Structure formats: C-alpha cells, structure tokens
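Let me begin by presenting the structure, written as structure tokens, before commenting on it.
Whatever order the structure lists ligands and atoms in, that order sets their numbers, starting from 1. The structure presented is a predicted model; accordingly, all values stated were derived computationally and were not measured. By convention here, the first residue in the shown sequence is residue 1.
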Amino acid sequence: MNISVIGTGYVGLVTGTCLAETGNDVLCIDINEDKVKQMQNGVVPIYEPHLDVLFDRNIKANRLKFSTSLQEGVNHGDIIFLALPTPEDEDGSADLSYVLGAAKDIGQLINDYKVIVDKSTVPVGTANKVTEVISKETNVDFDVVSNPEFLREGFAVDDFLKPERIVIGLSSERATALMQKLYKPFVRSGNPIIVMDEKSAELTKYAANSFLATKITFMNEIANFCEKVGADVDKVRRGMGTDSRIGKRFLFPGIGYGGSCFPKDVKALHKSGKDNDYNFQILDSVIQINNKQKTILLPRIESYFNGDLKGKTFAIWGLAFKPETDDIREAPSIYIMEHLLKKGAKLQVFDPEAMPNIKKRFGNTLQYIDNMYAATKQADALIICTEWSIFRTPDFNKLKENMNKPIIFDGRNLYDLEDIKNQGFYYSSIGRKIIG
Ligand SMILES: NC(=O)c1ccc[n+]([C@@H]2O[C@H](COP(=O)([O-])OP(=O)(O)OC[C@H]3O[C@@H](n4cnc5c(N)ncnc54)[C@H](O)[C@@H]3O)[C@@H](O)[C@H]2O)c1
Ligand SMILES: O=c1ccn([C@@H]2O[C@H](COP(=O)(O)OP(=O)(O)O[C@H]3O[C@H](CO)[C@@H](O)[C@H](O)[C@H]3O)[C@@H](O)[C@H]2O)c(=O)[nH]1
C-alpha cells in the first residue's frame with residue numbers, strides 16, 4: 001500500500017520505517033527541512049535502538065522516502081498518518097494546533113479518497129474535530145481513524161513490530177478493511193487488533209498512560225513511606241509484584257516519571273475531565289506527587305552538605321528521562337540540575353546519548369564529560385538520575401579514587417545495599433535505608 005506519515009519524530013519515523021519493512025511504499029513528510037535533508041542523506045535524526053538497520057534497508061529498497069512537501073504526502077498515501085506533536089498547552093490540555101492545522105491543509109489538498117489516521121495522542125472527540133476541519137475544505141470522500149500508538153522510547157521498533165495490541169477506532173467499513181490489511185503482518189503472534197469507536201480508542205490511550213503513571217506514583221508513595229517506617233521498598237516491590245493481578249512491571253520507584261508522554265497525558269486527561277464536568281481526583285494527586293518526587297533527592301543532598309552547596313562539585317550520571325533514549329523531555333535530571341546550579345554548585349555530567357540535547361538547553365552552565373568515571377573526578381557526590389545499564393556495575397574503587405568523598409545519591413536504586421556498605425560508600429536511595 002502507499003502510506004504517508006506526517007511528522008517524523010519518535011513515533012512518525014518508527015511508524016514509517018516499520019510500515020516500509022512490511023513492504024509498503026512509505027513517504028515521510030516533515031516541516032523541519034534540516035531533518036528531512038539528514039534523512040534523505042541516510043542519517044537517522046534520533047537515537048532509537050535498532051531503527052538504523054531498518055531505516056537503511058528500506059531506503060535502499062526504495063520503500064522509504066522523505067520530503068517537506070505536504071502536497072506530495074497527500075498525493076502519495078492511500079492512508080495518511082498524522083504523527084504530529086500534541087504538547088501540553090498552558091491550561092494542561094493537549095495543544096491540537098499541529099493536528100488540526102495539518103487536517104485543514106490536507107483538506108485543501110486531497111483530490112481522491114483517503115484514510116486519515118490520528119497516530120498522535122489526542123483527547124476524546126479529536127477524530128470528530130479532524131473530520132469537521134477537513135469537511136469544511138473539501139467535498140472529496142475521506143475517513144478519519146483513531147489509531148493510538150503504545151510504543152516506548154528505547155524499545156520503539158520492537159514495540160511497533162510486535163505490538164501487544166493494536167487499537168483502531170473508526171466507523172467506516174472501507175477504512176476498517178484498509179487498516180486491517182495494513183496491520184495484518186504485525187499481529188501474526190496472535191495479539192489482537194481491537195476495533196472500536198473513535199472516542200473509546202482516543203480514551204484508551206490516555207487511560208493506559210494515566211494508569212501506568214498512577215502505578216509508578218503509588219510505588220513512589222510506598223517507597224517514601226518505607227523510609228518513614230524502616231521497610232525496604234525493593235522487598236515490598238518483589239512481594240507485591242509476584243501477585244499476577246498486580247504484575248512485576250512498572251513497580252520501580254524512583255525520582256518520578258518523566259518523558260514526552262506521561263506528564264502531559266496525565267494532565268490532558270485531567271483537563272478533559274474538567275472540561276466535561278468530571279473531577280479526576282486520582283490524577284490530581286498523581287500530578288502533585290510526581291512533581292514532588294522529581295526533586296526528592298534535593299533536600300537530602302542539601303541537608304548532607306548543611307545547606308551549603310556553593311562551590312560543591314556534583315557528578316551527574318544519566319540525563320535522559322529513561323535509558324536507551326536521547327530524549328530529555330520532562331527528565332527529572334533537568335529539575336535537579338536547575339536547582340543545584342541555582343545553589344551555586346558545579347555539575348560534571350555524563351549520559352551515553354542525551355548530552356547533545358542537554359547541551360542545547362543548558363549551554364555552558366554544565367561541564368560535559370564524555371566518560372562516566374572522568375565525570376566523578378573531584379566530585380563531592382555522585383547523583384544518579386537514569387538507570388543506563390553501564391551504571392549498574394561500576395568499578396567502585398575507581399569512583400573512590402576519583403571522588404573527594406565516596407557519596408552517592410541514587411534516584412534509581414541501582415545498587416545492592418550490602419555491596420555498597422562493603423564498598424564503604426555513603427548511599428542514599430529511594431525507599432531504602434541510608435547506608436553510611
Ligand atoms: N514519543 C513517544 O514515545 C510516543 C509514543 C506514543 C505516542 N506518542 C504521541 O505521538 C505524537 C508525536 O510524538 P513524538 O514524540 O513522535 O513527537 P516529536 O516531537 O518527536 O516529533 C514530531 C515531528 O513532527 C514534525 N512536525 C511538526 N509540525 C509539522 C507539520 N505541520 N508538518 C510536518 N511535520 C511537522 C516535527 O518537526 C517533528 O519532527 C504525540 O502526540 C505523542 O504524544 C509519542
Ligand atoms: O517502574 C517504572 C517504570 C517507568 N518509570 C518511569 O516512567 C517514565 C516513562 O517510562 P516508559 O513508560 O518506559 O517510557 P515512555 O517511552 O515514556 O513510554 C510511555 O509513554 C508512551 C507515549 O505515550 C507510551 O506509548 C508507552 O506505552 C508508555 O510506556 C520514565 O521516566 C521512567 O523512568 C518509573 O519510574 N518506574
């Protein structure tokens with residue numbers, strides 16, 4: 001099939017590449033000329049594991065192409081995916097200007113039947129809005145489909161190729177047949193394509209993300225309580241997670257959830273509630289608790305140094321909002337670093353992939369070190385914000401040699417308490433007793 005994807009970010013580029021991988025002829029459109037040039041030159045503009053192999057293969061096979069021209073995109077695709085940003089607006093709602101703007105432009109450009117697919121995360125009722133906007137511009141026949149995306153950054157290719165489910169919200173038989181045909185190769189494992197109405201599909205996405213954010217937040221509260229009463233959240237987590245009704249995943253406490261999705265999606269669902277005369281009390285709490293959790297290490301660090309951080313040097317390991325991505329959107333590291341800089345601290349930072357993005361935001365206020373050990377030289381403490389695998393088994397002797405004092409504040413609970421005690425570190429983590 002001929003497919004167009006409008007927007008080549010984490011979702012659009014993965015969607016386009018994976019659809020080319022199953023034999024479709026895909027044209028990806030982006031407004032960012034530099035990005036399009038890079039892709040036309042065979043360069044993947046984001047860090048996403050395994051994407052480069054598929055990207056290369058499909059460009060070579062002539063199934064994956066790039067352009068800045070929406071007109072070309074509209075002419076090319078039988079199915080046109082909208083993978084555009086839906087960032088948080090000032091009032092917490094999802095900003096639909098990118099999606100509705102593209103819908104209007106498409107309406108002015110179509111001249112034969114198209115299926116327009118909302119891949120972006122959009123509030124209930126958006127498919128109707130997209131339909132209205134396009135209808136105002138054209139009399140040509142078209143269908144609008146809601147097809148929310150559930151991929152995780154860092155695992156995006158695998159999640160797209162082997163999805164646990166595909167949710168499709170639509171009301172037209174013609175579009176149903178096309179979407180079923182498109183997704184057939186991805187559900188060979190027996191995982192379902194779940195077809196429903198547009199509104200339910202739109203809400204499914206927000207419900208899933210908000211539930212996961214709530215699960216994490218619940219565990220963060222349990223962790224905070226563990227510290228009050230002397231329990232160990234790692235043990236509690238294992239004790240709970242083995243109950244199959246609860247499940248082992250997404251029970252890891254830490255310095256809050258971040259990223260380009262959970263923070264904005266929880267707020268957008270909360271706002272949708274308000275707009276429809278429903279008060280999502282649980283989400284209100286989740287938002288507030290997570291805001292606090294992001295900076296939970298700061299009072300501990302300040303109290304350890306008697307409130308005086310001026311001139312202190314901190315090594316920061318992990319800047320991305322999670323491992324295996326270069327994405328720093330709503331990363332807890334940002335909030336921690338901004339606070340420490342305000343207090344006059346010097347920060348020596350390291351991340352395997354996210355340093356260029358952090359540099360765009362922080363400029364030369366940070367010392368960017370391209371080696372995790374070198375970042376700890378003369379540091380008064382090490383602060384861990386992201387659980388990259390390479391941080392899991394460090395050479396503790398090297399750390400002790402490098403640092404002024406062996407002190408670690410760990411926002412991701414990477415180390416075993418007994419091990420770290422034997423190594424002679426002061427160690428403060430989340431929901432576990434302080435060592436040292
Ligand atoms: N990132 C994720 O893991 C993820 C997962 C599932 C769903 N989503 C949702 O998917 C949507 C896209 O997210 P993302 O992370 O891929 O965004 P992104 O910011 O990484 O990418 C968006 C792309 O759209 C381009 N763009 C903006 N305006 C355009 C226009 N008018 N025409 C063409 N291109 C345009 C930008 O240049 C950019 O390349 C959002 O609604 C998000 O909530 C994201
Ligand atoms: O036990 C856990 C699991 C995750 N997190 C944090 O939660 C955030 C989100 O993590 P994750 O869900 O792995 O990453 P995303 O790439 O943001 O993916 C989420 O957001 C996407 C965008 O909507 C959805 O498509 C995915 O299904 C959903 O998992 C990160 O800050 C993690 O550090 C925890 O603190 N504890």
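- Side-chain contact between Ile216 and Phe252: absent, with no pair of heavy atoms (C-beta onward) separated by less than 4.5 Å.
- Of all atoms in ligand 1, numbered sequentially from 1 with element shown, those under 4.0 Å from a heavy atom of Ile6 are 32 (N), 33 (C).
- Shortest contact from atom 15 (O) of ligand 1 to any protein heavy atom: Arg329 NH2, 3.1 Å.
- Each of the atoms 38 (C), 39 (O) of ligand 1 lies under 4.0 Å from some heavy atom of Lys35.
- For the pair Lys114 and Asp112, the salt-bridge criterion is met [side-chain N within less than 4.0 Å of a carboxylate O].
- Considering backbone and side-chain N/O atoms, Asn32 never comes within less than 3.5 Å of an N/O atom of ligand 1.
- For ligand 1, the atoms lying closer than 4.0 Å to a non-hydrogen atom of Lys205 are 6 (C).
- A donor-acceptor pair under 3.5 Å is formed between the side chain of Lys119 and the backbone N or O of Asn147.
- Ring centroids of Phe225 and Phe218 are separated by 6.0 Å or more, keeping the two rings apart.
- Geometrically, Lys359 engages Tyr368 in a cation-pi contact defined by less than 6.0 Å to the ring centre and at most 45° from the axis.
- Annotation: Thr121 places an N or O atom under 3.5 Å from an N or O atom of ligand 1; distance criterion only.
- No hydrogens or angles considered: a donor-acceptor pair under 3.5 Å links the side chains of Tyr47 and Glu324.
- No donor-acceptor pair closer than 3.5 Å links the side chain of Tyr426 to the backbone N or O of Phe409.
- Below 4.0 Å from some heavy atom of Ser260 lie the following atoms of ligand 1, by number and element: 1 (N).
- Where the criterion is an N or O separation shorter than 3.5 Å, residue side chain and backbone included, Glu149 fails it with respect to ligand 1.
- Not a single heavy atom of Arg152 sits closer than 4.0 Å to an atom of ligand 1.
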* side chain to side chain donor-acceptor pair (under 3.5 Å) assessment of Asp410 paired with Tyr427 -> CA-CA 7 Å; Asp410 180 359; Tyr427 182 67; 2.5 Å; yes
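- Every atom of ligand 1 is numbered from 1 in the order shown, and the set under 4.0 Å from a heavy atom of Glu153 is 1 (N), 2 (C), 3 (O).
- Residue-ligand proximity, Pro85 to ligand 1, at heavy-atom distances under 4.0 Å covers atoms 22 (C), 24 (O), 27 (C).
- Close N/O approach between Asp265 and ligand 1 is not found [any backbone or side-chain N/O within under 3.5 Å].
- At least one heavy atom of Cys261 sits under 4.0 Å from some atom of ligand 1.
- Here the side chain of Glu202 pairs a donor or acceptor atom with the backbone of Ala127 at under 3.5 angstrom.
- A salt bridge does not link Glu153 with Lys322: every distance from a Lys NZ or Arg NE/NH1/NH2 to an Asp or Glu carboxylate oxygen is 4.0 Å or more.
- Ligand-side atoms of ligand 1 in range of Leu151: 3 (O), 5 (C), range being under 4.0 angstrom from any heavy atom.
- Although no hydrogens or angles enter the test, the distance criterion places no donor-acceptor pair under 3.5 Å between the side chain of Ser429 and the main chain of Asn413.
- For atom 34 (N) of ligand 1, the nearest non-hydrogen atom of the protein is Ile31 N, 3.3 Å.
- Considering only non-hydrogen atoms, atom 37 (O) of ligand 1 lies nearest to Asp30 out of Val122, Asp30, Ile46, Asp95.
- Under the 4.0 Å criterion applied to side-chain N and carboxylate O atoms, Glu227 and Arg300 are assigned as salt-bridge partners.
- For atom 21 (O) of ligand 1, the nearest non-hydrogen atom from the set Gly101, Ala102, Gly9, Gly7 belongs to Gly9.
- Under the 4.0 Å criterion applied to side-chain N and carboxylate O atoms, Asp197 and Lys199 are not assigned as salt-bridge partners.
- Ranking the protein heavy atoms by distance from atom 4 (C) of ligand 1 puts Val11 CG2, 3.3 Å first.
- For atom 11 (C) of ligand 1, the nearest non-hydrogen atom of the protein is Leu84 O, 3.3 Å.
- No salt bridge links Asp25 with Arg63; every basic N to acidic carboxylate O contact stays at or beyond 4.0 Å.
- With sequence neighbours excluded, no residue satisfies salt bridge (Lys or Arg N to Asp or Glu O under 4.0 Å) with Arg249.
- For atom 43 (O) of ligand 1, the nearest non-hydrogen atom of the protein is Lys264 NZ, 2.6 Å.
- Of the protein's heavy atoms, Thr86 OG1, 2.5 Å lies nearest to atom 41 (O) of ligand 1.
- Residues lining ligand 2 at a heavy-atom distance below 4.0 Å are given as Glu149, Phe150, Leu151, Arg152, Glu153, Lys205, Asn209, Ile216, Phe250, Leu251, Phe252, Tyr257, Gly258, Cys261, Phe262, Asp265, Phe321, Lys322, Arg412, ordered by chain and residue number.
- Short contacts between ligand 1 and Tyr98, defined as distances under 4.0 Å to a heavy atom of the residue, involve ligand atoms 27 (C), 28 (N).
- The cationic group of Arg165 lies under 6.0 Å from the six-membered ring centre of Phe150 and within 45° of the ring axis, placing it in a cation-pi geometry.
- Within 6.0 Å of atom NZ in Lys104, 12 or fewer heavy atoms from other residues, nucleotides or ligands are found, so the atom counts as exposed in its surroundings.
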